[in-house]
There are 2 protein chains.
Amino acid sequence: MNEKAFLAAYDPKAFPAVLVTVDAVLFTFHQEQLLVLLVKRSNHPDMGKWGLPGGFIDPARDKTLEDTVNRKLLEKTGVTPPYLEQLHTIGNDSRDKRGWSVTASYTALIAHQKCAPGIDSVSDARWVGFDELDTIDIAFDHRSVISLARERLKQKALYSIVPAYALPEKFTLPELQRIHEILIGKPLQKKSFRRRIDQSDLLIDTGLKRYEGGRPAALYKMRARSGRFTFVRNLEE
Amino acid sequence: MNEKAFLAAYDPKAFPAVLVTVDAVLFTFHQEQLLVLLVKRSNHPDMGKWGLPGGFIDPARDKTLEDTVNRKLLEKTGVTPPYLEQLHTIGNDSRDKRGWSVTASYTALIAHQKCAPGIDSVSDARWVGFDELDTIDIAFDHRSVISLARERLKQKALYSIVPAYALPEKFTLPELQRIHEILIGKPLQKKSFRRRIDQSDLLIDTGLKRYEGGRPAALYKMRARSGRFTFVRNLEE
DNA sequence: CCAATAGTGTCTATCAGACATTATCTA
DNA sequence: TAGATAATGTCTGATAGACACTATTGG
């Protein structure tokens with residue numbers, strides 16, 4: 001049999017069924033807090049619990065896995081995040097009561113004000129602070145996926161400025177330092193933090209300033225592709 | 001409807017079928033060369049081309065995705081590699097002619113002599129050197145998966161000693177330096193390389209020596225969990 | 001002895017940490 | 001002017017690169 005005949009006769013449903021989903025851990029930063037987007041499940045299984053935004057691939061609409069993630073995030077937040085990276089894929093026979101299940105999880109970052117102006121009025125999606133996570137009933141294995149995403153983002157805070165994507169388009173260096181400090185879990189030296197960013201030319205000074213309280217802070221924005229840059233030397237953990 | 005009734009009525013085959021496979025990029029190091037294991041495809045599609053070892057999940061036998069990978073590698077090499085880490089998951093509607101396809105790919109490392117004593121006599125699996133890859137007809141998108149795996153492993157060579165898992169259990173520091181040099185693509189300073197390994201206490205001196213040519217070289221083995229260690233400062237690329 | 005390979009001594013350069021100092025705003 | 005916050009000056013310490021040197025084997 002040649003390939004053409006093989007493909008004509010091929011029946012995908014003849015194979016053992018495996019559930020395939022995607023999930024996104026969408027972070028943002030607001031009022032000195034790292035927040036993650038959770039969605040209230042309206043269907044079985046784990047109905048009523050909170051879980052990560054995500055769901056099944058729609059082969060008719062999605063060309064790629066990233067399309068699926070972006071589609072799901074767009075439905076919940078109204079926008080497409082500027083940072084999206086694959087986190088980890090989990091597949092086993094116990095994570096979903098419906099059967100053998102595979103989920104490709106992603107880490108996404110977005111500015112707080114850009115997403116879902118009315119997100120806190122929609123009852124099925126909300127931002128949850130990390131302190132609050134322990135008190136919430138989380139669906140499936142999503143709690144461990146969130147932990148993994150946060151751990152990975154912490155590592156990135158040590159050798160990149162990826163966390164900047166959780167800030168508004170224009171932001172100050174003290175703001176960026178704050179989110180790094182929260183991710184790493186300890187205060188950083190202002191001088192060290194500024195030095196590596198100054199020297200690496202990753203940010204553009206917009207010329208604007210933010211005025212609040214003391215000396216005004218310069219407003220910067222990300223240069224294109226700055227999210228891919230990695231420092232050769234890490235900050236201390 | 002409660003969850004129990006929902007699950008009883010649930011039919012996984014009712015959902016749009018997505019093909020789910022795993023693939024492994026298994027590296028080893030032999031005679032100054034980085035080698036990757038390829039398998040000749042005996043079925044459509046891409047029959048006759050060379051591809052990565054891998055295949056469909058067997059829900060009856062595999063509890064996890066890692067089980068699937070290890071089962072496939074065991075079939076080809078006779079052993080389970082000491083290093084296995086998820087690389088990347090690709091899912092789209094064009095990579096497999098049979099339909100929407102998702103593959104979870106893994107990077108694996110193994111000592112050359114431990115695996116498949118007769119691997120080069122088996123016609124459907126062989127070690128391929130990186131120089132030779134360009135001349136081979138590769139199935140699906142596996143060429144780009146191999147590139148990604150190599151790129152990732154290069155990065156690890158800059159900040160870890162993970163490449164040591166591609167060497168025999170006992171190895172010399174010059175051997176380890178060689179595989180790092182090949183991955184990074186430039187010679188390294190002997191002194192720098194030794195210093196970081198000495199100071200980090202990642203290897204155990206077995207007390208044995210390897211005699212060949214000049215001054216004998218001390219034989220080391222990996223300490224447990226040394227594969228997870230990361231240096232705070234990278235080598236130069 | 002020489003050739004070959006393993007391993008060390010030591011200087012320099014780079015860059016993060018520490019922390020004091022200066023700058024620029026509002027009240 | 002005082003208080004607050006942003007930004008800089010400058011010293012120290014850790015560690016990678018460079019490269020010359022010494023050590024230990026076989027022939």
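Chain letters run A, B, ... following the sequence lines, proteins first, then strands; residues in each count from 1.
- A cation-pi arrangement is absent between A:Arg150 and A:Phe27 under the rule of less than 6.0 angstrom and at most 45 degrees off the ring axis.
- To the nearest 0.5 Å, atoms CZ (B:Arg143) and CG (B:Leu133) are separated by 6.5 Å.
- For A:Ser200 (side chain) and A:Ile197 (main-chain N/O), a donor-acceptor pair under 3.5 Å exists by modelled atom type.
- For B:Tyr220 and A:Val232, each mapped to the nucleotide of DNA chain C holding its nearest heavy atom, the one lying further toward the 5' end belongs to B:Tyr220.
- In summary, of the residues considered (B:Lys170, B:Arg210, B:His180), a side chain to side chain donor-acceptor pair (under 3.5 Å) with B:Glu175 occurs for B:Arg210 alone.
- Here the range on DNA chain D touched by chain B, meaning any atom under 4.0 Å from one of its heavy atoms, is D:dT15 to D:dG26.
- Nucleic acid contact class of B:Arg194 (heavy atoms, under 4.0 Å, all strands): base.
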Polar atom pairs (N or O), protein with nucleotides 22-25 of chain C, under 3.5 Å:
| unit_1 | atom_1 | unit_2 | atom_2 | d |
| --- | --- | --- | --- | --- |
| C:dA23 | O4' | A:Arg215 | NH1 | 3.3 |
| C:dA23 | N3 | A:Arg215 | NH1 | 3.4 |
| C:dT24 | O2 | A:Arg215 | N | 3.3 |
| C:dC25 | O2 | A:Gly213 | O | 3.4 |

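- Within a 6.0 Å radius of NZ in B:Lys221, other residues, nucleotides and ligands contribute 12 heavy atoms or fewer.
- Atom-to-atom, CD of A:Gln199 to C1' of C:dC15 comes out at 7 Å; the value is rounded to the nearest Å.
- A cation-pi contact, defined as under 6.0 Å to the ring centre and within 45° of the axis, is absent between A:Arg178 and A:Phe29.
- Side-chain N/O atoms of A:Gln189 include none lying less than 4.0 angstrom from OP1 or OP2 on C:dA16.
- The base of C:dG7 is not paired with the side chain of B:Lys191 by any donor and acceptor separated by under 3.5 Å.
- Of the side-chain N and O atoms in A:Arg195, none sit less than 4.0 angstrom from OP1 or OP2 of C:dC15.
- Annotation: cation-pi geometry satisfied between B:Arg126 and B:Trp50 (NZ/CZ under 6.0 angstrom from ring centroid, within 45° of ring axis).
- Taking the six-membered ring where the residue is Trp, B:Phe231 and B:Phe229 present perpendicular rings, their angle passing 60° and hence far from 30°.
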